[in-house]
Amino acid sequence: MKSSPNATQASSINMVRAVSYIRTCDVELGLRAKVAKVEGLRRLRSFDLDNIEGLLCVSVEATLVNQGEPIGLTNSTPIKSAQSNEVSFDTWLSFETRVSSLSPSSEIFFILRDRMRQKGSEIARARLPLFGPEGLLLQG
């Protein structure tokens, strides 16, 4: 039984649509994330999260996570003092994990910590997917 070219083409298109993530071994670079700045600190001060002098000392921790489990080690920005509504870090965080070893459900978790408090109290957190719906690494 011979298949028609149109049937083969339709089958290929359906298979491509079914694949949402393509793992490439060509991307052997380690993952890097830039922490530029954190805004909205005035709102945090209204909850009395700063110290007596009104100075807020913060850092951002970043962890790669896949299905709720951490991948590799947590990375952190230097501690910065913030006297205004924002603090600029302008810091690149590098991870040992290779892009090619990440799954499409991998995410990066960011935690803003108040370093003036005992054990670096968590102030805020955010979670960002590393890959879009098409399976491409998100950038920007």
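- For residues 64-75, the side chain to side chain donor-acceptor pair (under 3.5 Å) pairs, not counting sequence neighbours, are Thr63-Thr74, Asn66-Ser103, Asn66-Ser105.
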Side-chain donor-acceptor distances from residues 86-93 under 3.5 Å, at least two apart:
| from | atom 1 | to | atom 2 | distance (Å) |
| --- | --- | --- | --- | --- |
| Asp90 | OD1 | Lys34 | NZ | 2.8 |
| Thr91 | OG1 | Phe89 | O | 2.9 |

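- Tested against Ile123 for a side chain to side chain contact (heavy atoms under 4.5 Å, CB included), the candidates Ile111, Val38, Val58 yield a single pass: Val58.
- With sequence neighbours left out, the salt bridge (charged side-chain N to carboxylate O under 4.0 Å, His left out) criterion links Glu107 to Arg127.
- How far CD1 of Ile71 is from OG of Ser101: 7.0 Å, rounded to the nearest 0.5 Å.
- Under a hydrophobic clustering in which Ile, Leu, Val, Met, Phe, Trp and Tyr are joined whenever their side-chain heavy atoms come within less than 4.5 Å, directly or via other members, Leu73 and Ile108 fall into different clusters.
- Linking ILVMFWY residues whenever their side-chain heavy atoms come closer than 4.5 Å, directly or via other members, leaves Phe131 and Phe109 in distinct clusters.
- Put simply, CZ on Arg32 and OG on Ser94 are 5.0 Å apart, with the number rounded to the nearest 0.5 Å.
- A donor-acceptor pair is defined here as one N or O able to donate and one able to accept, closer than 3.5 Å; such a pair exists between the side chain of Thr77 and the backbone of Val60.
- A distance of 13.5 Å separates NZ of Lys80 from NZ of Lys37, quoted to the nearest 0.5 Å.
- Scanning all heavy atoms of the two residues, the minimum distance from Arg98 to Gly30 falls at NH1-N, 3.2 Å.
- Remark: Leu138 CG to Leu128 CG distance equals 9.0 Å, nearest 0.5 Å.
- Minimum heavy-atom separation, Ser59 to Pro78: CB-O, 4.0 Å.
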Walk me through whether Leu130 and Leu64 qualify under side chain to side chain contact (heavy atoms under 4.5 Å, CB included). CA-CA 9 Å; Leu130 292 175; Leu64 298 177; 4.0 Å; yes
